Amino acid sequence: MEQPKGVDWTVIILTCQYKDSVQVFQRELEVRQKREQIPAGTLLLAVEDPEKRVGSGGATLNALLVAAEHLSARAGFTVVTSDVLHSAWILILHMGRDFPFDDCGRAFTCLPVENPEAPVEALVCNLDCLLDIMTYRLGPGSPPGVWVCSTDMLLSVPANPGLWGCLLLCGDCRAPPSHPREPAPGCLHLPRLGLRSPACPAYVSSGSYSYMTSSASEFLLSLTLPGAPGAQIVHSQVEEQQLLAAGSSVVSCLLEGPVQLGPGSVLQHCHLQGPIHIGAGCLVTGLDTAHSKALHGRELRDLVLQGHHTRLHGSPGHAFTLVGRLDSWERQGAGTYLNVPWSEFFKRTGVRAWDLWDPETLPAEYCLPSARLFPVLHPSRELGPQDLLWMLDHQEDGGEALRAWRASWRLSWEQLQPCLDRAATLASRRDLFFRQALHKARHVLEARQDLSLRPLIWAAVREGCPGPLLATLDQVAAGAGDPGVAARALACVADVLGCMAEGRGGLRSGPAANPEWMRPFSYLECGDLAAGVEALAQERDKWLSRPALLVRAARHYEGAGQILIRQAVMSAQHFVSTEQVELPGPGQWVVAECPARVDFSGGWSDTPPLAYELGGAVLGLAVRVDGRRPIGARARRIPEPELWLAVGPRQDEMTVKIVCRCLADLRDYCQPHAPGALLKAAFICAGIVHVHSELQLSTSSILAGTALAALQRAAGRVVGTEALIHAVLHLEQVLTTGGGWQDQVGGLMPGIKVGRSRAQLPLKVEVEEVTVPEGFVQKLNDHLLLVYTGKTRLARNLLQDVLRSWYARLPAVVQNAHSLVRQTEECAEGFRQGSLPLLGQCLTSYWEQKKLMAPGCEPLTVRRMMDVLAPHVHGQSLAGAGGGGFLYLLTKEPQQKEALEAVLAKTEGLGNYSIHLVEVDTQGLSLKLLGTEASTCCPFP
């Protein structure tokens with residue numbers, strides 16, 4: 001179900017109680033706007049509360065005043081006017097009071113959830129959930145007004161449109177006077193402050209909320225799933241996941257070595273190196289590798305251990321707090337610390353009440369928030385978790401730990417709050433997020449996972465840190481033993497460069513032949529991957545200054561990837577062999593002929609690198625068009641040491657004639673539009689002429705097969721059909737930017753068959769004949785038609801787009817690629833059953849799959865033609881990559897050529913189309929020798 005259109009907020013305001021937090025939280029709002037979570041035109045404001053403990057009412061009025069001032073200035077007024085509020089959609093978010101378990105408050109508490117559809121990868125905080133629910137679930141359809149929301153609650157919303165359908169935030173909830181103060185079961189009350197009418201509540205059926213209290217037990221419960229079969233691992237890289245207990249949660253962490261986590265425990269924003277044992281009921285946040293040693297040899301249980309960034313008198317520092325899960329943060333009642341009464345704590349540690357409170361403090365007033373427990377500065381060394389962890393045990397060190405603790409400058413939790421450096425905290429979290437992201441990128445590539453790195457690339461670019469990601473991708477590419485891994489890493493570099501251009505600088509698809517890049521390319525061509533990647537990176541640094549250069553650099557990285565693809569596909573040479581036979585006589589023609597082909601299912605899965613990374617399966621038919629086998633080539637030996645080439649219909653005025661007398665005449669074989677390029681390339685790939693090549697050619701696979709077959713036979717060699725399939729695949733990869741194996745399988749092999757390649761190298765294509773019921777081939781011939789659409793297709797750009805999407809592992813493309821392979825087997829079953837309706841369904845589904853694979857492959861004129869023909873056919877699809885060319889139809893009634901010509905004749909704007917009869921060819925490639933008397937057919941005098 002599509003997400004509804006969200007509210008286009010005029011202003012979003014975040015109120016906070018500390019002046020030094022305003023700029024920090026302003027940046028956080030702006031980061032979310034860059035991620036496209038907030039509309040680009042929304043005014044973002046972080047506003048300090050006018051005074052301490054002003055309350056949400058006073059904070060709201062102050063926020064409205066600030067909003068009115070900014071909107072008045074935007075509207076051109078010279079004084080503040082409330083008129084600007086009448087047509088505005090305003091969202092006010094209140095940060096609330098300090099939170100014991102997150103230095104940046106409840107709004108920026110990270111939740112163990114991910115948004116897999118987000119275009120930019122990022123941690124999900126309460127604030128993000130709140131923005132989502134207000135923008136897409138509660139706000140849509142509301143008139144202009146002011147929404148006021150607290151960030152102190154978690155809201156559960158029933159399954160409905162939304163990003164996560166899990167943990168979300170709600171506002172300050174008060175029922176109207178006629179209702180009970182607490183919502184009725186299954187109903188949530190939310191207020192909206194209207195500017196022209198009294199505030200009225202909104203009701204969310206089956207909604208519920210949970211206030212984020214100062215209870216560590218309740219907080220841990222909200223971040224874990226006690227009944228879950230395993231641990232929740234979110235934006236984290238964990239080397240030994242088996243050590244994480246079911247019901248635990250890890251968010252934005254790097255865990256190296258054996259790190260054990262007990263049930264109900266939460267790790268956030270930590271980079272730890274084992275061995276570490278964190279037992280049940282713990283919350284550990286903000287620790288780095290330097291702090292890991294303090295945890296070695298110790299089991300934590302029912303504890304909250306946090307690292308904090310501080311700023312004391314302008315100097316940055318690091319402090320730690322340690323409390324018990326069961327400790328109370330209330331000022332009244334029996335107090336505890338580390339889950340035991342104060343008296344027991346004093347007895348165990350030697351700490352005295354006067355260490356923690358002023359002498360005049362009464363025992364009844366002893367409470368955790370005011371206890372000066374936490375060292376923030378030691379006179380001679382840096383602080384660490386060990387400066388608190390000693391309190392867990394009876395003293396056996398002669399009181400050394402106690403003396404060090406007493407020698408430190410200590411603060412209570414209340415005193416610590418104004419000293420917290422929230423900017424450093426958020427920067428540290430961002431740094432750790434990207435550190436684990438780099439580990440993720442490396443693992444995804446090296447483990448060949450079908451996981452898209454595009455959201456991570458956008459995150460690095462949008463937050464201004466693409467450099468480390470580029471360096472990681474370089475390392476993966478240079479060290480890869482698999483050309484597929486290296487090619488994907490280079491494609492990711494191209495994606496980073498393309499994202500840095502931000503949609504400017506021209507099209508990503510285009511030439512990659514700048515001379516400055518030839519040195520890196522030459523290293524790759526010679527197989528020196530490490531030197532090639534290093535040279536690419538050196539050249540890349542010169543192309544980062546503006547969007548046009550970034551796009552061109554991206555094109556060259558894709559060109560470098562094509563070199564690696566070609567090298568991978570060269571493994572098909574293992575399956576190419578020839579047999580020496582008697583040479584034809586001088587002047588004797590060797591004639592090779594082939595049918596055309598139509599693909600019924602699986603196209604694109606045969607295209608490298610999909611063919612050897614996913615594994616391909618294509619069902620194709622060899623067909624005659626209007627009774628003819630339209631593809632052929634002829635070759636003969638002549639006495640002159642020259643190559644005579646002719647391209648086009650025999651003895652036709654349009655035939656292109658070329659004579660090659662030296663190697664220089666062959667050097668343009670690598671230019672797609674050069675006269676005779678295909679035939680020149682065939683001579684080279686057949687081994688008759690040897691020319692060094694590093695460039696590329698666009699060819700026709702079936703025609704290349706016939707040319708190779710004719711040339712090899714003229715040279716006294718015979719190539720089997722399966723070997724020829726691999727020879728053509730090799731030819732196209734050595735000399736072109738791409739091309740799969742479905743064309744040569746479809747045309748060189750007779751009848752109805754399925755070609756398959758496994759997800760491995762060397763790349764081998766295997767062909768299976770599909771057996772159909774008796775008489776079904778004739779029935780198929782009566783119902784199959786071919787329509788030339790009059791639209792020339794542009795397969796090359798389509799291919800570049802598809803390869804780019806595949807290397808990015810876009811989820812829709814990966815899923816569609818698997819569907820293509822799966823449906824091929826279903827289509828083969830339709831042929832075995834002889835079911836035209838089932839085959840029509842396959843064709844219709846296949847065309848939808850092609851459009852998903854290559855958006856833009858359906859021109860408007862073709863769509864109009866298909867719509868007109870739809871009532872008369874079981875199914876239809878454009879051949880090959882689409883974009884134009886030939887449309888093939890499976891008609892409901894037999895022999896419909898004249899009827900459909902009449903239908904199309906009544907449709908305007910179709911252009912120069914034509915309809916052709918089609919029949920299944922049962923011969924495939926044919927090769928024969930003609931007598932020398934046929935030499936008069938030579939187009940040369």
Side-chain angles (χ1 to χ4, degrees), residues 98 100-101 213-220 265 277-285 287 291 294-295 297-308 310 312 318-417 419:
D98 298 323
F101 311 119
T213 69
S214 58
S215 165
S217 297
E218 293 181 7
F219 181 64
L220 288 171
S265 288
H277 186 183
I278 298 172
C282 290
L283 170 66
V284 179
T285 69
L287 301 189
H291 313 135
L295 303 181
R298 178 186 294 278
E299 179 182 355
L300 305 184
R301 186 177 294 273
D302 293 327
L303 295 171
V304 177
L305 174 61
Q306 300 179 83
H308 308 271
T310 60
L312 302 172
H318 215 114
F320 301 87
T321 57
L322 178 69
V323 298
R325 176 177 66 85
L326 304 177
D327 291 343
S328 171
W329 291 84
E330 301 296 330
R331 293 183 173 276
Q332 298 177 349
T336 64
Y337 181 58
L338 300 181
N339 303 315
V340 298
W342 286 109
S343 58
E344 184 176 335
F345 168 73
F346 293 151
K347 181 179 180 181
R348 183 175 68 196
T349 62
V351 174
R352 296 294 176 257
W354 52 262
D355 290 317
L356 306 180
W357 297 282
D358 294 334
E360 60 269 20
T361 303
L362 300 175
E365 297 174 344
Y366 293 169
C367 66
L368 179 55
S370 63
R372 293 187 295 270
L373 283 161
F374 310 119
V376 294
L377 185 66
H378 190 275
S380 60
R381 60 173 174 82
E382 290 187 359
L383 297 170
Q386 67 275 7
D387 291 295
L388 289 170
L389 291 172
W390 67 271
M391 297 178 177
L392 298 173
D393 307 313
H394 291 282
Q395 298 309 295
E396 298 178 358
D397 61 355
E400 181 179 346
L402 175 61
R403 287 191 293 273
W405 177 81
R406 281 178 170 157
S408 300
W409 178 20
R410 304 185 311 279
L411 298 177
S412 68
W413 183 82
E414 291 176 333
Q415 294 169 329
L416 183 61
Q417 295 311 298
C419 302

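Side chains are part of it too, since the values below use all heavy atoms of this structure and drop only hydrogens, waters and symmetry mates. Treat the numbers as computed from the prediction; the structure is a model and nothing was measured.
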query = Under 30°, 30 to 60°, or over 60°: which ring-plane class applies to Phe219 and Phe101, parallel, tilted or perpendicular?
reply = parallel

In Å and rounded to the nearest 0.5 Å, what is the [atom1] to [atom2] distance from [X] to [Y]?
X      : Y      : atom1 : atom2 : answer
Leu402 : Asp355 : CG    : CG    : 7.0 Å
Ile278 : Arg301 : CD1   : CZ    : 12.0 Å
Glu400 : Trp390 : CD    : CH2   : 11.5 Å
Asp98  : Trp329 : CG    : CH2   : 10.5 Å
Tyr366 : Leu356 : OH    : CG    : 8.5 Å
Leu377 : Glu382 : CG    : CD    : 11.0 Å

Taking the side chain as everything from C-beta on, heavy atoms only, tell me whether [X] gets closer than 4.5 Å to [Y].
X      : Y      : result
Leu388 : Pro375 : yes
Leu300 : Leu392 : yes
Leu389 : Leu295 : yes
Tyr337 : Met391 : yes

N/O donor-acceptor pair under 3.5 Å between [X] side chain and [Y] backbone:
X      : Y      : result
Thr285 : Gln306 : no
Trp405 : Leu373 : yes
Glu218 : Ser214 : no
Ser408 : Ala404 : yes

Which atom names give the shortest non-hydrogen contact between [X] and [Y], and what distance separates them?
X      : Y      : value
Ser412 : Gln415 : N-OE1, 2.9 Å
Ala294 : Gln386 : CB-OE1, 3.5 Å
Gly307 : Leu287 : N-CD2, 4.0 Å
Gly324 : Asp327 : N-OD2, 2.6 Å

For residues 338-345, dump all side-chain donor-acceptor pairs below 3.5 Å to protein atoms at least two apart in sequence or in another chain.
unit_1: Asn339; atom_1: OD1; unit_2: Arg325; atom_2: N; d: 3.1
unit_1: Asn339; atom_1: OD1; unit_2: Leu326; atom_2: N; d: 2.7
unit_1: Asn339; atom_1: ND2; unit_2: Asp302; atom_2: O; d: 2.8

query = In terms of side-chain heavy atoms, does Ser370 have a donor or acceptor partner in Trp357 at a distance below 3.5 Å?
reply = yes

task = Run the salt-bridge test on Arg410 and Asp387 with the 4.0 Å N-O cut-off and return the result as yes or no.
result =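 Salt bridge absent between Arg410 and Asp387.
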
inquiry  = Could you walk me through whether Cys419 and Leu411 satisfy the side-chain contact (heavy atoms from CB on, under 4.5 Å) test, starting with their C-alpha distance in whole Å, then the side-chain angles of each, then the deciding distance to 0.1 Å, before giving a yes or no?
reply    = CA-CA 10 Å; Cys419 302; Leu411 298 177; 4.1 Å; yes

request  = Would you confirm whether the ring centroid of His291 sits within less than 6.0 angstrom of the ring centroid of Phe320?
outcome  =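 Yes; His291 has its ring centre under 6.0 Å from that of Phe320.
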
